[in-house]
Amino acid sequence: MNLILLGAPGSGKGTQAKALSQRLKTTHLSTGDVFREEIAKKTALGAKVQGYVTSGKLVPDAVVTEVVTAKLAALPGSFLLDGFPRTVEQAISLDAYLKKSGKKLDRVVYLALSEDEVVKRLTARRNCASCGELYNVVSKPPKHAQFCDKCGGKLVQRQDDTEETVKKRLMVFRDLTEPLIAFYKANENVFEADASGVAQDITELIANELGVPAR
Ligand code: AMP
(Lines give C-alpha, C1' and ligand atoms only; values in the text may rest on other atoms or scores of the structure.)
Protein backbone atom coordinates (compact mmCIF):
# COMPACT_ATOMS: atom_id res chain seq x y z
CA MET A 1 0.00 0.00 0.00
CA ASN A 2 1.42 3.40 -1.04
CA LEU A 3 0.56 6.16 1.40
CA ILE A 4 1.04 9.86 2.09
CA LEU A 5 0.86 11.22 5.63
CA LEU A 6 -0.05 14.91 5.80
CA GLY A 7 -0.22 17.22 8.78
CA ALA A 8 1.17 20.35 10.40
CA PRO A 9 4.64 20.21 11.93
CA GLY A 10 4.18 18.52 15.32
CA SER A 11 0.97 16.71 14.38
CA GLY A 12 2.77 13.40 14.97
CA LYS A 13 3.62 12.50 11.37
CA GLY A 14 7.01 11.04 12.29
CA THR A 15 5.64 8.94 15.16
CA GLN A 16 2.69 7.65 13.14
CA ALA A 17 4.82 7.05 10.04
CA LYS A 18 7.25 4.86 12.05
CA ALA A 19 4.47 2.83 13.66
CA LEU A 20 2.40 2.43 10.49
CA SER A 21 5.33 1.58 8.21
CA GLN A 22 6.29 -1.25 10.59
CA ARG A 23 2.73 -2.56 10.65
CA LEU A 24 2.36 -2.26 6.88
CA LYS A 25 5.91 -3.48 6.11
CA THR A 26 6.42 -0.51 3.86
CA THR A 27 9.34 1.93 3.50
CA HIS A 28 9.06 5.13 5.55
CA LEU A 29 10.49 8.11 3.68
CA SER A 30 10.76 11.35 5.68
CA THR A 31 12.14 14.28 3.69
CA GLY A 32 12.89 16.14 6.95
CA ASP A 33 14.97 13.15 8.19
CA VAL A 34 16.78 12.92 4.83
CA PHE A 35 17.69 16.62 4.97
CA ARG A 36 18.82 16.49 8.63
CA GLU A 37 21.04 13.50 7.84
CA GLU A 38 22.56 15.24 4.82
CA ILE A 39 23.22 18.36 6.92
CA ALA A 40 24.84 16.28 9.69
CA LYS A 41 27.03 14.48 7.13
CA LYS A 42 27.97 17.84 5.57
CA THR A 43 27.18 16.71 2.03
CA ALA A 44 26.62 19.05 -0.95
CA LEU A 45 22.85 18.49 -0.64
CA GLY A 46 23.10 19.22 3.10
CA ALA A 47 24.84 22.53 2.39
CA LYS A 48 22.18 23.42 -0.18
CA VAL A 49 19.23 22.84 2.18
CA GLN A 50 20.68 23.84 5.57
CA GLY A 51 19.59 27.49 5.51
CA TYR A 52 16.00 26.55 4.67
CA VAL A 53 15.70 23.75 7.22
CA THR A 54 17.16 25.62 10.19
CA SER A 55 15.07 28.75 9.54
CA GLY A 56 11.80 26.82 9.01
CA LYS A 57 11.43 27.71 5.32
CA LEU A 58 10.57 25.18 2.64
CA VAL A 59 13.36 23.76 0.51
CA PRO A 60 12.64 24.65 -3.16
CA ASP A 61 10.17 22.27 -4.85
CA ALA A 62 12.63 21.18 -7.57
CA VAL A 63 15.28 20.11 -5.01
CA VAL A 64 12.87 18.12 -2.84
CA THR A 65 11.12 16.50 -5.78
CA GLU A 66 14.42 15.32 -7.26
CA VAL A 67 15.46 13.79 -3.93
CA VAL A 68 12.13 12.01 -3.43
CA THR A 69 11.74 10.66 -6.96
CA ALA A 70 15.33 9.31 -6.88
CA LYS A 71 14.57 7.52 -3.59
CA LEU A 72 11.25 6.16 -4.88
CA ALA A 73 12.88 4.95 -8.09
CA ALA A 74 15.34 2.89 -6.01
CA LEU A 75 12.56 1.31 -3.93
CA PRO A 76 11.46 -2.21 -4.79
CA GLY A 77 8.30 -2.15 -2.64
CA SER A 78 5.67 0.21 -1.32
CA PHE A 79 6.21 3.59 0.38
CA LEU A 80 4.88 5.81 3.13
CA LEU A 81 5.74 9.46 2.51
CA ASP A 82 6.12 11.68 5.59
CA GLY A 83 6.61 15.42 5.00
CA PHE A 84 6.28 15.19 1.21
CA PRO A 85 4.50 16.61 -0.70
CA ARG A 86 4.16 19.91 1.11
CA THR A 87 2.97 22.11 -1.77
CA VAL A 88 0.50 21.62 -4.61
CA GLU A 89 3.44 21.84 -7.07
CA GLN A 90 5.18 18.94 -5.29
CA ALA A 91 1.94 16.91 -5.40
CA ILE A 92 1.60 17.50 -9.15
CA SER A 93 5.25 16.44 -9.71
CA LEU A 94 4.72 13.33 -7.56
CA ASP A 95 1.60 12.46 -9.51
CA ALA A 96 3.46 12.79 -12.81
CA TYR A 97 6.31 10.61 -11.50
CA LEU A 98 3.91 7.91 -10.24
CA LYS A 99 2.04 7.81 -13.55
CA LYS A 100 5.30 7.57 -15.50
CA SER A 101 6.61 4.74 -13.35
CA GLY A 102 3.35 2.77 -13.24
CA LYS A 103 2.92 3.20 -9.46
CA LYS A 104 -0.16 4.45 -7.71
CA LEU A 105 -1.10 6.23 -4.54
CA ASP A 106 -3.54 4.23 -2.42
CA ARG A 107 -4.46 6.59 0.39
CA VAL A 108 -3.76 9.99 1.91
CA VAL A 109 -3.97 10.31 5.70
CA TYR A 110 -4.29 13.78 7.20
CA LEU A 111 -3.41 14.26 10.88
CA ALA A 112 -5.54 17.21 12.03
CA LEU A 113 -4.35 19.27 15.02
CA SER A 114 -5.03 22.85 16.25
CA GLU A 115 -2.28 25.46 15.96
CA ASP A 116 -2.17 26.05 19.74
CA GLU A 117 -1.52 22.36 20.28
CA VAL A 118 1.19 22.37 17.58
CA VAL A 119 3.13 25.19 19.28
CA LYS A 120 2.80 23.50 22.69
CA ARG A 121 3.99 20.16 21.35
CA LEU A 122 6.89 21.36 19.24
CA THR A 123 8.50 23.66 21.78
CA ALA A 124 8.39 20.78 24.32
CA ARG A 125 9.81 18.21 21.87
CA ARG A 126 13.25 16.68 22.47
CA ASN A 127 15.01 13.80 20.80
CA CYS A 128 17.95 11.59 21.67
CA ALA A 129 21.07 12.64 19.78
CA SER A 130 22.23 8.98 19.71
CA CYS A 131 19.20 6.79 18.92
CA GLY A 132 16.60 9.36 17.82
CA GLU A 133 13.96 8.37 20.43
CA LEU A 134 11.38 11.17 20.78
CA TYR A 135 10.37 12.80 24.10
CA ASN A 136 8.14 15.65 25.19
CA VAL A 137 9.11 17.50 28.36
CA VAL A 138 5.40 17.84 29.28
CA SER A 139 3.64 14.70 28.05
CA LYS A 140 6.48 12.16 27.73
CA PRO A 141 9.38 13.32 29.91
CA PRO A 142 12.54 11.20 30.22
CA LYS A 143 13.16 9.50 33.60
CA HIS A 144 16.43 11.43 34.03
CA ALA A 145 16.27 15.02 32.79
CA GLN A 146 18.11 15.50 29.49
CA PHE A 147 19.07 11.83 29.01
CA CYS A 148 17.48 9.10 26.92
CA ASP A 149 15.68 6.29 28.82
CA LYS A 150 16.61 3.79 26.11
CA CYS A 151 20.32 4.39 25.49
CA GLY A 152 21.43 7.12 27.93
CA GLY A 153 22.23 9.48 25.03
CA LYS A 154 21.92 13.25 25.43
CA LEU A 155 18.53 14.78 24.62
CA VAL A 156 18.57 17.74 22.26
CA GLN A 157 16.05 20.18 20.80
CA ARG A 158 15.81 20.49 17.03
CA GLN A 159 17.13 23.84 15.84
CA ASP A 160 13.80 24.56 14.16
CA ASP A 161 11.69 23.75 17.27
CA THR A 162 12.22 27.11 18.99
CA GLU A 163 9.03 29.17 19.43
CA GLU A 164 9.99 31.75 16.81
CA THR A 165 10.82 29.17 14.13
CA VAL A 166 7.78 27.04 15.01
CA LYS A 167 5.55 30.08 14.34
CA LYS A 168 7.28 30.56 10.97
CA ARG A 169 6.80 26.88 10.09
CA LEU A 170 3.12 27.18 10.94
CA MET A 171 2.77 30.18 8.64
CA VAL A 172 4.40 28.18 5.86
CA PHE A 173 2.01 25.31 6.60
CA ARG A 174 -1.02 27.63 6.43
CA ASP A 175 0.11 29.29 3.19
CA LEU A 176 1.48 26.32 1.24
CA THR A 177 0.39 23.03 2.75
CA GLU A 178 -3.26 23.73 3.61
CA PRO A 179 -4.08 24.27 -0.10
CA LEU A 180 -2.46 20.88 -0.69
CA ILE A 181 -4.93 19.24 1.70
CA ALA A 182 -7.79 20.79 -0.31
CA PHE A 183 -6.09 19.52 -3.51
CA TYR A 184 -5.95 15.96 -2.18
CA LYS A 185 -9.49 16.11 -0.81
CA ALA A 186 -10.65 16.96 -4.35
CA ASN A 187 -8.55 14.25 -6.03
CA GLU A 188 -7.89 11.40 -3.64
CA ASN A 189 -9.42 9.34 -0.89
CA VAL A 190 -8.32 11.32 2.20
CA PHE A 191 -8.76 9.97 5.72
CA GLU A 192 -8.74 12.75 8.31
CA ALA A 193 -7.65 11.59 11.77
CA ASP A 194 -7.94 13.67 14.94
CA ALA A 195 -4.29 13.92 16.02
CA SER A 196 -4.92 15.34 19.49
CA GLY A 197 -5.09 12.06 21.41
CA VAL A 198 -2.63 9.36 22.49
CA ALA A 199 -0.21 8.24 19.76
CA GLN A 200 -1.00 4.50 20.04
CA ASP A 201 -4.77 5.14 19.78
CA ILE A 202 -4.26 7.25 16.66
CA THR A 203 -2.14 4.48 15.10
CA GLU A 204 -4.95 1.98 15.79
CA LEU A 205 -7.55 4.33 14.33
CA ILE A 206 -5.56 4.75 11.10
CA ALA A 207 -4.58 1.05 10.89
CA ASN A 208 -8.24 0.11 11.28
CA GLU A 209 -9.27 2.56 8.55
CA LEU A 210 -6.58 1.15 6.24
CA GLY A 211 -7.70 -2.40 6.94
CA VAL A 212 -4.42 -3.42 8.61
CA PRO A 213 -5.04 -6.47 10.84
CA ALA A 214 -5.12 -5.72 14.59
CA ARG A 215 -2.10 -6.79 16.60
P1 AMP B 1 10.00 18.03 8.95
O2 AMP B 1 10.93 17.15 9.70
O3 AMP B 1 9.06 17.27 8.04
O4 AMP B 1 9.25 19.00 9.85
O5 AMP B 1 10.90 18.93 7.95
C6 AMP B 1 11.90 19.79 8.46
C7 AMP B 1 12.27 20.82 7.40
O8 AMP B 1 12.78 20.16 6.23
C9 AMP B 1 11.12 21.69 6.91
O10 AMP B 1 10.84 22.79 7.77
C11 AMP B 1 11.69 22.14 5.56
O12 AMP B 1 12.70 23.12 5.72
C13 AMP B 1 12.38 20.87 5.06
N14 AMP B 1 11.44 20.02 4.30
C15 AMP B 1 11.05 18.75 4.61
N16 AMP B 1 10.20 18.27 3.69
C17 AMP B 1 10.04 19.26 2.77
C18 AMP B 1 9.26 19.37 1.59
N19 AMP B 1 8.47 18.39 1.16
N20 AMP B 1 9.36 20.53 0.89
C21 AMP B 1 10.16 21.53 1.28
N22 AMP B 1 10.90 21.50 2.40
C23 AMP B 1 10.85 20.37 3.15
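Both counts, for ligands and for their atoms, begin at 1 and track the order of listing. Quick caveat, the model's predicted, so the values are computed rather than measured. FYI, the numbering just counts along the sequence from 1.
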Nearest neighbour in protein (non-hydrogen) for atom 16 (N) of ligand 1: T31 OG1, 2.7 Å
Counting only nitrogen or oxygen atoms and a 3.5 angstrom limit, does G83 reach ligand 1? yes
Taking only non-hydrogen atoms of R36 and a 4.0 Å limit, the atoms of ligand 1 in range are 2 (O), 6 (C)
Under a heavy-atom criterion of less than 4.0 Å, does K13 contact ligand 1? no
Heavy-atom contacts under 4.0 Å between R158 and ligand 1: side chain, backbone, both, or neither? side chain
Which of the numbered atoms in ligand 1 are below 4.0 angstrom from a heavy atom of R169? 4 (O)
Applying the salt bridge (charged side-chain N to carboxylate O under 4.0 Å, His left out) test to E133, which of R126, K140, R125, K154 qualifies? K140
Donor-acceptor pairs under 3.5 angstrom involving side-chain atoms of residues 188-195: please list them, not counting sequence neighbours.
residue: N189; atom: OD1; partner: R107; partner atom: NE; Å: 3.3
residue: N189; atom: OD1; partner: R107; partner atom: NH2; Å: 3.1
residue: E192; atom: OE1; partner: K185; partner atom: NZ; Å: 2.9
residue: D194; atom: OD1; partner: S196; partner atom: N; Å: 2.9
residue: D194; atom: OD1; partner: S196; partner atom: OG; Å: 2.8
residue: D194; atom: OD2; partner: S196; partner atom: OG; Å: 3.4

Looking at non-hydrogen atoms alone, which of V53, T54, I39 comes nearest to atom 8 (O) of ligand 1? V53
Under 4.0 Å to a heavy atom of V64 - the qualifying atoms of ligand 1, by number: 18 (C), 19 (N), 20 (N), 21 (C)
Those residues that, when tested against A124, pass side-chain contact (heavy atoms from CB on, under 4.5 Å) (two or more places apart): N136, V137, V138
Does ligand 1 come near enough to D82 that some N or O of the ligand is less than 3.5 Å from an N or O of the residue? no
Taking both backbone and side-chain atoms of K57, is any N or O found less than 3.5 Å from an N or O belonging to ligand 1? yes
